[in-house]
A.B. asks: 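One structure, as structure tokens, below. Some questions next.
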Amino acid sequence: MGAGKNLTREYQQLREKIYQSIFAGLNKQQMEVVATGEGPVLCLAGAGSGKTMAMIYRILHLYLFGAEFEAAVLPPHEISLEDLAKMQQWLQEWEKGVVSCFSPEIINLLRVNGVSPQAILAITFTNKAAEEMKTRLANLLGTISEKMWVMTFHAACVRILHREISSLGYTSNFAIYDSQDQLVLLRAICKELNLDEKKFAPKKIQNAISRYKCKLQTPSKAKIMSNDFLEKKYIEVYEIYQRRLQENNALDFDDLIMLTVRLFQEEPEILEKYQERFRYIMVDEYQDTNHAQYALVNTLAKKYQNLCVVGDDDQSIYGFRAADIRNILDFERDYPEARVIKLEQNYRSTQLILDAANEVIAHNSGRKAKKLWTENSAGEPILCFTAIDEGDEAAFVVEKIEELKGQGVNYGDCAVLMRTNAQSRTLEEWLIRIGIPYKLIGGVKFYERKEIKDILAYLKFLVNPCDALSLKRIINEPRRGIGEITFSKIANHSWEKGIPIYQALLEYENLGIVGKTAKAVADFINLLESFRQSLEKLTVTELTKKILEETGYWQQLKRENSPEAESRIENLQEFLTKTLEYDHFAEENSLGDFLSQVALVTDLDNLQEKEEAVVVMTMHSAKGLEFPHVFLIGLEEGIFPHYRAFDDLHELEEERRLCYVAMTRAKERLYLVNARERYLYGRKNMNQSSRFLEEVPPQLCIQYNRPGFFETTPAYAVGNNAAGSVAVKEQAGRKGQIFMLGDKVFHQKWGEGVIVSIKGQGSEIELAIAFPEEGIKTVLAKYAPLKKLR
DNA sequence: ATCTTACCGATTTTT
DNA sequence: TCGGTAAGAT
């Protein structure tokens with residue numbers, strides 16, 4: 001018995017030692033977040049302060065040691081000397097870094113008072129963040145982590161609604177409509193109501209409806225609050241829109257949240273069930289929550305109050321989509337006993353970059369006091385450059401990137417961030433011309449492409465026979481001679497009788513559809529029926545292939561023989577690899593499940609790290625990312641801050657926060673670029689430099705001036721693609737020069753001249769140069785003995 | 001049903 | 001400037 005007691009004591013000491021070691025890499029504040037499992041916690045996490053790490057270790061802590069660590073615990077089961085040796089060995093290996101995960105065996109030895117994994121709910125905004133967290137948890141804990149809910153707001157709501165939605169008057173095979181679908185629906189409604197699209201832009205209405213939903217306002221509630229004519233009309237549309245969604249058994253993105261909240265409000269037992277289940281709740285990017293999300297989280301957490309929210313009021317940049325910064329600012333009011341923990345140590349950027357960012361953000365009012373600091377070195381000064389125009393700006397960026405490349409920096413370590421997507425064009429032209437591989441984030445997204453939406457509409461309609469929108473999309477795609485008029489006959493029938501649109505379609509014979517059209521409809525129904533019959537038997541991939549074949553969709557594209565058709569085929573093939581992937585991992589073959597997954601993914605999720613390409617994107621999309629070298633371009637009044645924000649103090653502050661977010665993406669070097677002049681909407685504009693640029697203390701920057709001479713001779717232009725450019729350069733072992741229109745150059749034979757035209761690409765670039773004495777000469781950039789002058 | 005022409009308007013965007 | 005949309009022509 002005495003031996004047993006000794007063993008217990010030894011076990012406790014060893015377990016505590018292990019505990020210390022596991023969390024040794026965290027700073028004091030992070031550790032506080034990790035170890036305060038019980039009660040409300042507000043974690044104000046500055047940019048790059050290791051909040052993801054804190055959240056992951058918090059979950060780990062909850063699971064292994066419970067809400068609060070207790071040293072004097074009894075072992076989970078009888079402990080042998082051998083067990084202690086195992087723990088000892090594990091500890092050694094952990095400290096050496098040989099192991100970085102917890103095997104089931106070691107979990108079995110360590111875990112006392114641990115929270116059940118099902119009780120943990122961690123919510124993020126983006127799939128990417130959720131995915132990162134999930135992966136890291138799986139690496140630490142293995143398959144047990146799959147029992148925790150680590151997902152986006154929307155994914156969590158889909159999962160809950162999938163089980164519970166019947167009490168709200170929908171069925172669980174509901175469709176999810178994206179913003180495009182919303183617009184199609186809204187346009188149709190506007191047409192029905194004879195609304196002038198100029199006065200009532202569907203986009204505006206969409207926005208208004210989204211705002212209502214984010215505030216949890218149903219049409220009838222919104223009506224009470226409204227007073228002006230425009231708003232009343234919006235609400236009228238909202239009402240019809242919402243009815244239409246319900247008839248289609250469809251939810252839009254905002255519905256996912258709003259209906260879940262409604263579910264919890266209306267069904268106390270259901271709420272109770274989830275409150276009991278999710279006793280430990282964490283929310284990432286809390287400053288970006290809107291009212292509906294706020295209500296969701298706080299309703300769920302109400303019972304046990306084990307709510308840990310992580311965020312940074314200085315990084316709130318989504319006010320325009322109804323994020324309410326007050327949610328984070330008022331957390332302490334909502335939970336007076338909340339522990340407030342500030343993570344202010346930054347592990348990402350150099351001191352200089354942080355100083356600059358701190359200085360800029362300090363111009364905002366109403367912030368939670370916070371100041372980032374770092375143990376990192378001061379680093380290189382911030383490089384500022386004022387370009388002549390947007391071409392010069394792009395040229396500078398490209399020159400610098402090439403220079404960095406020459407110093408061994410990877411393209412993938414460079415990011416160019418801009419305020420608006422429209423700014424990417426000139427830059428892209430230059431990147432292409434010089435042959436720098438790049439990746440543009442934003443633009444037409446994969447799941448928004450026509451061909452993908454088409455095939456998805458087929459699949460969606462098969463799952464949900466109420467989905468009129470999808471039927472409308474596919475009924476004449478590919479062309480089969482069923483026009484608008486026929487469709488509206490069917491749709492009207494469906495509304496009048498209150499039957500699913502598929503039912504209405506089947507009854508086409510009673511609707512005055514005759515002759516050729518009737519035949520076409522009959523054929524179409526047969527086609528759909530054959531798909532429906534294979535629904536159970538086939539995998540998603542097989543079904544997709546069957547649809548593409550038997551509708552003639554493939555054939556039509558193949559016959560077309562155009563580059564566009566080519567890319568559509570490629571996209572469909574890409575889609576098939578995604579279905580294949582799904583089929584491979586899916587437990588049962590459920591098309592509906594596949595569709596809800598697909599509805600919630602975006603392109604940003606595919607941003608692969610370590611890809612050898614410069615990343616070009618908006619400052620908004622850069623949130624949460626980091627790069628060694630960051631270029632901020634277009635730092636001009638009117639562009640950034642955007643002119644639309646000029647007359648609103650709150651919007652200006654949001655712009656400044658955006659600037660703060662953008663600056664703090666940089667790990668090593670930050671480049672701030674503005675142009676004196678820029679073409680915008682076909683007009684040349686003179687722009688003052690951005691106020692944010694003025695707010696950066698000058699002593700942290702150096703103003704860049706192009707050197708008068710480039711060292712290289714003779715000149716050459718680099719290749720057109722990544723492979724080409726690298727090959728040329730390494731063979732030649734020399735740096736490239738970048739020429740642009742209007743550059744002054746020095747030619748060995750003809751002296752000084754000015755470039756008057758640039759033609760061709762890659763190694764074929766031809767320069768036409770005007771020399772005072774010799775006239776215009778055309779030379780191949782690759783071979784001409786040129787030096788650039790400035 | 002599909003192509004052409006004239007016009008308008010133009011942040012940021014996850015899910 | 002450019003691209004998307006809507007009405008008009010064939």
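Just so it is clear, the structure is predicted and the values come from calculations on it, not from any experiment. The figures that follow rest on heavy atoms only: side chains count, while hydrogens, waters and symmetry mates do not. All chains are named by letter (A, B, ...) in the order of the sequence lines, taking the proteins before the strands, and each is independently numbered beginning at 1.
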A.B. asks: Take the angle between the ring planes of A:Y212 and A:Y238 and call it parallel below 30°, perpendicular above 60°, tilted in between.
C.D. replies: parallel
A.B. asks: With heavy atoms under 4.0 Å as the rule, sort A:E654 into base, sugar-phosphate or nothing.
C.D. replies: nothing
A.B. asks: Is the aromatic ring of A:H154 within stacking range of B:dT15, meaning centres under 5.5 angstrom and planes under 30 degrees?
C.D. replies: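 Ring-base stacking flag not set for A:H154 and B:dT15.
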A.B. asks: Give, for atom CE of A:M617 and atom CG of A:L440, the distance between the pair rounded to the nearest 0.5 Å.
C.D. replies: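 Spacing of CE (A:M617) from CG (A:L440) equals 10.0 Å.
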A.B. asks: By nearest heavy atom, map A:N476 and A:Y643 onto DNA chain B; which one lands nearer the 5' end?
C.D. replies: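 The residue mapped nearer the 5' terminus is A:N476.
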A.B. asks: B:dT13 P sits how many Å from A:L600 CG, rounded?
C.D. replies: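 To the nearest whole Å, that distance equals 19 Å.
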A.B. asks: Calculate the interatomic distance between A:N207 atom CG and B:dT11 atom P; express it in whole Å.
C.D. replies: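 Interatomic distance, CG of A:N207 to P of B:dT11: 13 Å.
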A.B. asks: Touch check for A:N421, heavy atoms < 4.0 angstrom, all strands: base, sugar-phosphate only, or nothing?
C.D. replies: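 Answer is sugar-phosphate: A:N421 comes under 4.0 Å of backbone atoms only.
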A.B. asks: Describe the nucleic acid contact of A:E651 in one word from base, sugar-phosphate, nothing, applying a heavy-atom distance below 4.0 Å.
C.D. replies: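 Counting heavy atoms under 4.0 Å across all strands, the contact made by A:E651 includes a base.
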A.B. asks: Over how many whole Å does the gap from A:I257 atom CD1 to B:dT14 atom P extend?
C.D. replies: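 Result: 15 Å.
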A.B. asks: Can you tell which of B:dA1, B:dT11, B:dT15 lies closest to the side chain of A:F253?
C.D. replies: B:dT15
A.B. asks: Which is more 5' along DNA chain B, the nucleotide nearest A:A422 or the one nearest A:D254? Just name the residue.
C.D. replies: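 On the 5' side of the pair lies A:A422.
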A.B. asks: Is the NZ or CZ atom of A:K578 both under 6.0 Å from the centre of the six-membered ring of A:F446 and within 45° of that ring's axis?
C.D. replies: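 Yes, A:K578 sits over the ring of A:F446.
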A.B. asks: Does the side chain of A:S621 get closer than 4.0 angstrom to OP1 or OP2 of B:dT12 through an N or O atom?
C.D. replies: no
A.B. asks: For C:dT5 and B:dT12, measure between their P atoms and round to the nearest Å.
C.D. replies: 16 Å
A.B. asks: Side chain of A:N127 only, please: which of B:dA10, B:dT15, B:dT12 is the nearest?
C.D. replies: B:dT15
A.B. asks: Do the side chains of A:R644 and A:E651 get close enough for a salt bridge, i.e. N-O under 4.0 angstrom?
C.D. replies: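 So A:R644 does not pair with A:E651 through a salt bridge.
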A.B. asks: When you measure from the centre of the six-membered ring of A:Y241, is the NZ or CZ of A:R244 under 6.0 Å away and within 45° of the axis?
C.D. replies: no
A.B. asks: Is a salt bridge present between A:K51 and A:E285, judged by a nitrogen-to-oxygen distance below 4.0 Å?
C.D. replies: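 Between A:E285 and A:K51 there is a salt bridge, with a charged N closer than 4.0 Å to a carboxylate O.
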A.B. asks: Can the ring centres of A:H363 and A:F692 be said to be less than 6.0 Å apart?
C.D. replies: no
A.B. asks: Choose from B:dT15, B:dT13, B:dT11 the nucleotide whose nearest atom is closest to any side-chain atom of A:T126.
C.D. replies: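 Of the candidates, B:dT15 comes closest.
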A.B. asks: Detail all sub-3.5 Å separations between protein N/O atoms and N/O atoms belonging to nucleotides 1-10 of chain C.
C.D. replies:
residue: C:dA6; atom: OP1; partner: A:E197; partner atom: OE1; Å: 3.0

A.B. asks: Taking atom C1' of B:dT11 as reference, at what distance in whole Å does atom CG of A:L417 sit?
C.D. replies: 16 Å
A.B. asks: Reckon A:G483 touches a base, only the sugar-phosphate, or nothing at all at heavy-atom distances under 4.0 Å?
C.D. replies: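 Here A:G483 touches the backbone only, sparing every base.
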A.B. asks: Send over the distance from A:M619 CE to B:dT13 P, rounded to a whole Å.
C.D. replies: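 These atoms are roughly 11 Å apart.
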A.B. asks: Salt bridge (charged side-chain N to carboxylate O under 4.0 Å, His left out) with A:E484: which residues, sequence neighbours excluded?
C.D. replies: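 Not a single residue meets the salt bridge (charged side-chain N to carboxylate O under 4.0 Å, His left out) criterion with A:E484.
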A.B. asks: Measure the distance from CD on A:E484 to P on B:dA1 and round it to the nearest whole Å.
C.D. replies: 9 Å
A.B. asks: Give a yes/no on whether any side-chain N or O of A:T618 is located under 4.0 angstrom from OP1 or OP2 of B:dT13.
C.D. replies: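 Yes, such a contact exists.
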A.B. asks: Whole angstroms only, please: what is the CZ-P distance between A:R644 and B:dA10?
C.D. replies: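 Spelled out: CZ on A:R644 to P on B:dA10 is 6 Å.
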A.B. asks: Identify whether any heavy atom of A:Y318 sits under 4.0 Å from a base atom; if not, whether one sits that close to sugar-phosphate; answer base, sugar-phosphate or nothing.
C.D. replies: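 It contacts sugar-phosphate atoms only.
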A.B. asks: When syn is taken as a glycosidic angle within 90 degrees of 0, is B:dT12 syn or anti?
C.D. replies: anti
A.B. asks: List, one per line, each side-chain donor-acceptor pair under 3.5 Å for residues 254-264 of chain A, sequence neighbours excluded.
C.D. replies:
residue: A:D254; atom: OD2; partner: A:S210; partner atom: OG; Å: 2.9
residue: A:D255; atom: OD1; partner: A:K213; partner atom: NZ; Å: 2.9
residue: A:D255; atom: OD1; partner: A:Q242; partner atom: NE2; Å: 3.3
residue: A:D255; atom: OD2; partner: A:K213; partner atom: NZ; Å: 3.3
residue: A:D255; atom: OD2; partner: A:Q242; partner atom: NE2; Å: 3.4
residue: A:D255; atom: OD2; partner: A:D252; partner atom: N; Å: 3.2
residue: A:T260; atom: OG1; partner: A:L256; partner atom: O; Å: 2.5
residue: A:R262; atom: NE; partner: A:E266; partner atom: OE2; Å: 3.1

A.B. asks: Output the rounded distance in Å from CD (A:E285) to C1' (B:dT13).
C.D. replies: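 Computing the A:E285:CD to B:dT13:C1' distance gives 14 Å.
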A.B. asks: Scan A:F320 against the nucleic acid and name what it touches under 4.0 Å (heavy atoms): base, sugar-phosphate only, or nothing.
C.D. replies: base
